[in-house]
Every structure is written in structure tokens, then in C-alpha cells.
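The next block holds one structure in the form of C-alpha cells; read it before the comments.
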Amino acid sequence: MAEPHRAGPTATPPRAAAASASAACVVAGAVAVTVAVVAGPGPGLTGYVSEAGVTDSGYAPAYRIGVFALAAGVLLLAAALPPALRAAAALLAAGSVFALLSGAVTCSAGCPLPPFERATTADLVHGGASILAVAAVVLAMLATTLTRAAPSVLRRLAGVALAVALPLAGATAVALVTVGRGSLIAVLERLLLLVAVLWGAATATTVALRR
């Protein structure tokens, strides 16, 4: 006799509450960073998102608040994921720490990065933390996709996001070391961040609704 179909596990009230808070933080953080990037005095589509957080920018506080909100959202999502997704949760927790460090350490004007620009220690710390934060989120997508015990809806969400994020991440890495600062890497960076934000918000909302 065939085993009856079983729905995925529902979220406990604490996990559902953490997921709801995560979705709110991710959306609020993304909005704050977007406002800082669009309205701030940065170079638009020829520079890095992080340039909105340079100290002498009037929108730097909004940018940092947004990054801190995103870090909180990622950490809350790690706490909200079902027990089967321990690896993904650990990656998200690490990503939240890197995001917090990225927001706390401000880069210098232009946020220069090697190999084409001379970077300060703060630039290297900020840039490295930012890269590791996004990498941790992409790896969390991969871990979720590969975890057979995870709810199928979360695996599907992660699979779709991963299919878009991996090529963008690879292209961004290649552009960083071969082209450097410019419109190409600016567009790739923004698209990759958009995918990460959409996945985080969608996953958190899905977990919150599985009561």
C-alpha cells in the first residue's frame, strides 16, 4: 500500500513570529538602502551600492540603518527555518554577522577595491564583509535546495533564486578582477542583491504562513 502524501511541517509560533519579523526587516532594509542609493549623491549606475554609505553622504545614516535591518532580517530568517535546514541557517547566521560588519565599517570615497584601485584597510574590511555576506546567502540557497528533508516549497524557492543568483555571482566575481569599477559590475551587483532580497523576503513569508 502506497504511503499517503504528507504535507511539509508547519512553523511553530516562535518560528512563525521570527519569520514575520524577518520579512519586515528585509523589506524595510532594502527600501532604506534603495532610497540612499537612488537619492544620495553617489555615481548612479557606475559605482558600488556601498558608496551610499560613505561618511560625508547625507544619506549615509539611511544606508547603514538599512544594512543593519537586512542583517537582522537574515539572522531572524536563520532562526525561523525548520530544523532540517540547519546548514542553511548556519550560513545565514554567518551572513548576518558579515552584513553587520559591512554596515559598521565605512569605506572611503568611491569604495576602492583591488586590483585596479588602491584600497585602505577599511575598504578591504568593508568590501570583504559585503562579499562574504552575499556569498553566505547564495550558499544558503544552495544548502536549502540540496536538503531533501526540507519542505518542498522552500526548496523550490531556493532553486529558482539559485538559478539566477549563481550566474550573477560568477559574473560579478569575474568583472571585479578583470574589469573593475564601472557600469557592468554596478548592474551585476544590484541584480544579485535584488535576488538575495527577494529570496529572503519570499522564504520568510512562506515560513510565516506555514502555521
Side-chain angles (χ1 to χ4, degrees), residues 1-35 49 65-103 129-170 189-211:
M1 179 177 175
E3 183 180 355
H5 173 73
R6 292 176 296 179
T10 58
T12 61
R15 291 184 186 277
S20 298
S22 171
C25 286
V26 168
V27 172
V31 169
V33 171
T34 300
V35 169
V49 169
I65 289 172
V67 172
F68 292 149
L70 287 169
V74 172
L75 184 60
L76 286 165
L77 180 57
L81 290 179
L85 290 171
R86 287 187 294 271
L91 286 165
L92 289 175
S96 71
V97 174
F98 290 127
L100 183 64
L101 180 60
S102 172
S130 301
I131 291 170
L132 289 173
V134 176
V137 173
V138 174
L139 289 174
M141 297 176 190
L142 177 62
T144 301
T145 304
L146 297 178
T147 303
R148 290 184 171 273
S152 58
V153 63
L154 297 184
R155 293 182 65 194
R156 286 195 297 270
L157 281 172
V160 171
L162 185 67
V164 181
L166 270 183
L168 287 173
E189 178 194 30
R190 284 156 174 76
L191 289 175
L192 180 56
L193 291 174
L194 176 62
V195 173
V197 166
L198 290 176
W199 174 73
T203 300
T205 302
T206 301
V207 173
L209 295 176
R210 295 174 66 82
R211 303 186 181 186

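All residue numbers refer to positions in the sequence shown, counting from 1. Excluded from the calculations below are hydrogen atoms, water molecules and symmetry mates; all remaining heavy atoms, backbone and side chain alike, are included.
Closest heavy-atom contact between V195 and A165: CG1-CB, 4.0 Å. Across P151 and P82, no two heavy atoms sit closer than the pair CD-CG, 3.9 Å. Residues A32 and G66 share a closest heavy-atom pair of CB-CA, 3.7 Å. In terms of heavy atoms, A93 sits closest to A78 at N-CB, 3.9 Å. L91 approaches A143 most closely through the heavy-atom pair CD1-CB, 4.1 Å. The two residues V33 and V49 make their nearest non-hydrogen contact at CG1-CG1, 3.9 Å.
Looking at S22, its side chain never comes within 3.5 Å of a backbone N or O of L76 through a donor-acceptor pair. Under the 3.5 Å distance criterion, the side-chain polar atoms of S102 are left unmatched by any main-chain donor or acceptor of F98. Side-chain atoms of T205 never come within 3.5 Å of backbone atoms of A202 as a donor-acceptor pair (strictly under, hydrogens ignored). Remark: the backbone N or O of V207 is not paired with any side-chain donor or acceptor of R210 at under 3.5 angstrom. In this structure a side-chain-to-backbone donor-acceptor pair under 3.5 Å is missing from R155 to L146.
Between L92 and the options L77, T203, T144, a side-chain contact (heavy atoms from CB on, under 4.5 Å) holds for only L77.
If you take CG on L101 and OG on S130, they are separated by 8.5 Å, rounding to the nearest 0.5 Å. In this structure, the separation between CG on L194 and OG1 on T34 is 8.5 Å, given to the nearest 0.5 Å. With rounding to the nearest 0.5 Å, the separation of CG in L166 from OG1 in T145 is 9.0 Å.
Annotation: side chain of R15 is in contact with side chain of P83 (closest heavy-atom distance under 4.5 Å). When side chains are defined from C-beta on, L193 counts as touching E189, because their heavy atoms get closer than 4.5 Å.
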